[in-house]
Amino acid sequence: MMDAKHATLVHWFRKGLRVHDNPALSQIFATANVAPEKFHVRPIFILDPGILDWIQVGANRWRFLQQTLDDLDQQLRQLHSRLFVVRGQPVDVFPRIFKSWRVELLTFETDIEPYALKRDAAVQKLAKDAGIKVDTHCSHTIYNPELVIAKNMGKAPITYQKFLSVVEQLKTPKVLELPEKLSKKALPPKDEVEQHDEAAYDCPTLQQLVKRPEDLGPNKFPGGETEGLRRMKESLRDELWVARFEKPNTAPNSLEPSTTVLSPYLKFGCLSARLFHQQLKEILKRQPKHSQPPVSLIGQIMWREFYYTVAAAEPNFDRMVGNVYCLQIPWQEQADHLEAWTHGRTGYPFIDAIMRQLRQEGWIHHLARHAVACFLTRGDLWISWEEGQRVFEQLLLDQDWALNAGNWMWLSASAFFHQYFRVYSPVAFGKKTDPQGHYIRKYVPELAKYPNGCIYEPWKATLADQRAYGCVLGVDYPHRIVKHELVHKENIKRMSAAYKVNREVRTGKAEDSPEADRSVAGKRKVAKSTGNAAKRKR
DNA sequence: AGTATGTTGCATGT
DNA sequence: ACATGCAACATACT
């Protein structure tokens with residue numbers, strides 16, 4: 001039976017899968033170490049086995065999580081604790097453990113995603129009903145989105161520069177050291193843990209999480225805090241590279257990543273954004289000649305902060321309809337084109353190479369994301385950014401609700417970015433940094449024998465040449481599904497028309513068209529200012 | 001009302 | 001490596 005004189009302190013891991021710079025975890029450890037004879041400590045992660053069947057997570061992402069949990073357990077064991085993986089749904093799990101563990105304090109890191117807010121509110125209520133104290137800490141981002149919004153007079157700043165000017169007025173939080181090792185008395189006794197069901201709290205295995213092992217690609221970016229910290233150190237070793245970093249000058253199609261690939265670690269919180277930011281600041285102090293946001297490395301972290309802030313203010317951030325930021329654009333469904341894009345069969349080698357790298361490895365360069373996102377939406381296929389978002393959500397190791405939706409809106413010129421007449425060429429863009437097409441040859445190997453002159457445009461090869469290169473279009477590799485030079489011009493016109501409609505709705509010109517008003521407005525100003533909308537303009 | 005600005009376009013020049 | 005025209009957007013600020 002449970003030792004009657006012990007209460008339990010619980011830290012709930014969700015994101016923030018690390019022991020360094022983790023205020024909510026540190027609070028538990030510090031509280032226990034003050035009175036170790038009184039408290040047992042249980043850091044938990046809740047895994048709902050039912051989630052495997054419906055959530056949009058591909059095999060590579062499950063592997064990343066599984067490796068991350070394993071590593072987290074190891075890190076906790078070095079601090080004389082361990083990870084308790086509890087199976088079930090939070091609303092079922094907590095009432096159970098509150099009682100059986102005699103929980104006195106629960107801590108966790110705050111999140112902004114709508115489903116997380118709902119979940120956390122439910123757990124907060126359960127804790128309150130059970131008389132259990134809950135403490136939360138904001139440590140997934142450098143700045144608390146709520147504070148940024150408050151500082152900007154209750155509204156999220158919708159331009160990057162404005163965002164920067166707001167956060168410059170805020171303090172950057174202190175980065176925490178590792179928590180002190182847990183007093184051995186504070187670890188629940190082994191027999192008590194095992195009595196429940198031996199191995200019931202163990203980390204999930206790869207076999208348990210990955211339903212389709214055939215989808216696993218090469219493990220180029222293993223999950224975990226240890227690997228995240230190692231990767232950060234490696235990225236920061238060359239201080240001149242750090243100081244001179246300018247994102248637009250990095251190649252989207254190098255065979256080895258031209259950027260840090262810290263995004264998956266930041267997404268799961270294996271690496272603290274606050275620590276990375278602090279380390280960059282220190283390097284830049286020693287390197288007075290350095291690049292600036294938005295293109296610098298600190299600028300990249302600030303994009304993450306920016307998207308978290310705007311997303312925190314809009315529950316419909318991942319949808320077009322009812323989204324305060326998002327222009328309403330009449331995208332069209334076209335299942336065969338979406339399918340071709342999704343699986344790298346558009347007939348544009350650069351686009352297909354990127355989509356295949358994404359599927360195999362779970363990470364593609366940011367500019368590669370631009371190229372394929374523009375292609376799917378306003379550039380070529382005229383398919384909704386929400387479709388692309390879904391595919392990225394499944395495949396990207398760094399998939400993050402706020403960043404994924406924000407970037408899709410950006411690229412589709414639906415929000416934050418509006419120069420829709422700047423269209424990426426699926427042929428020209430990649431040539432700049434890889435004129436020989438090494439990247440295409442790797443990820444679209446059927447084209448490997450094509451000469452440099454037509455590796456980006458295989459349709460320019462004659463049938464005889466196609467045979468000679470061992471890859472006939474329409475047989476071994478698809479014909480291109482659209483002619484970019486034609487459709488991109490038509491699509492610019494469609495964008496122009498869509499912008500015009502949105503403008504009219506915004507300024508009240510289309511008040512006699514109630515359907516348009518409803519669909520476009522959502523929460524836009526026009527919805528509540530119908531009275532003076534007419535006199536505001538014209 | 002007018003102007004400056006905006007993470008990373010392309011094609012065609014020098 | 002940098003300059004220009006292309007057609008032309010929203011936002012912030014004056």
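Here is the naming used below: chain letters follow the sequence lines, and residue numbers restart at 1 for every chain.
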Using the 3.5 Å cut-off, write out each protein N or O paired with an N or O of nucleotides 5-8 of chain C and the distance between them.
none

Distances for protein N/O vs nucleotides 12-14 of chain C N/O pairs under 3.5 angstrom?
none

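Between E227(A) and R230(A) there is a salt bridge, since a side-chain N of the basic residue sits under 4.0 Å from a carboxylate O of the acidic one.
H418(A) and Y499(A) share a donor-acceptor pair across their side chains, judged by distance under 3.5 Å alone. A donor atom on one side chain and an acceptor atom on the other are found under 3.5 Å apart for H370(A) and Y424(A).
With sequence neighbours excluded, the residues satisfying salt bridge (Lys or Arg N to Asp or Glu O under 4.0 Å) with R480(A) are E485(A).
No donor-acceptor pair under 3.5 Å is formed between the side chain of R369(A) and the backbone N or O of N407(A). Side chain of W62(A) to main chain of V57(A): a donor-acceptor pair is present (N/O by atom type, distance under 3.5 Å, no hydrogens or angles).
For the residue pair C454(A) and Y469(A), the shortest heavy atom distance occurs at SG-CE1, 4.4 Å. The two residues H20(A) and C270(A) have their closest heavy-atom pair at CE1-O, 3.2 Å.
The gap from the P atom of dG6(B) to that of dA8(C) amounts to 23 Å, rounded to the nearest Å. Rounded to whole Å, the P atom of dA7(C) lies 24 Å from the corresponding atom of dT5(B). dC13(C) sits 14 Å from dT7(B) when the P atoms are compared, rounded to a whole Å.
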Checklist line | Dot-bracket encoding of pairs in DNA chain C, which uses [ ] for pseudoknotted crossings and | for another strand, Watson-Crick or G-U under 3.5 angstrom | finding: ||||||..||||||
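Under the 30°/60° scheme for interplanar angles, the aromatic rings of W382(A) and W331(A) are found to be tilted.
Residue contacts for Q161(A): at a heavy-atom cut-off of 4.0 Å it reaches the sugar-phosphate backbone alone, with no base atom in range. Using a 4.0 Å heavy-atom distance criterion, K432(A) is classed as a sugar-phosphate-only contact. F416(A) comes within 4.0 angstrom of no nucleic acid atom, judged by non-hydrogen atoms across all strands.
Annotation for R244(A): atom CZ does not count as buried by contact number, only 12 or fewer foreign heavy atoms lying within 6.0 Å. For R237(A), the CZ atom is loosely surrounded, since the number of other residues' heavy atoms within 6.0 Å does not exceed 12. When the shell of 6.0 Å around NZ of K442(A) is examined, it contains more than 12 heavy atoms from other residues, nucleotides or ligands.
For residues 345-364 of chain A, every residue pair satisfying the salt bridge (charged side-chain N to carboxylate O under 4.0 Å, His left out) rule, not counting sequence neighbours, is listed here: K220(A)-E361(A), E339(A)-R345(A), R356(A)-E446(A).
Protein chain A touches strand DNA chain B; the 5'-most and 3'-most nucleotides with an atom under 4.0 angstrom of its non-hydrogen atoms are dG6(B) to dA11(B).
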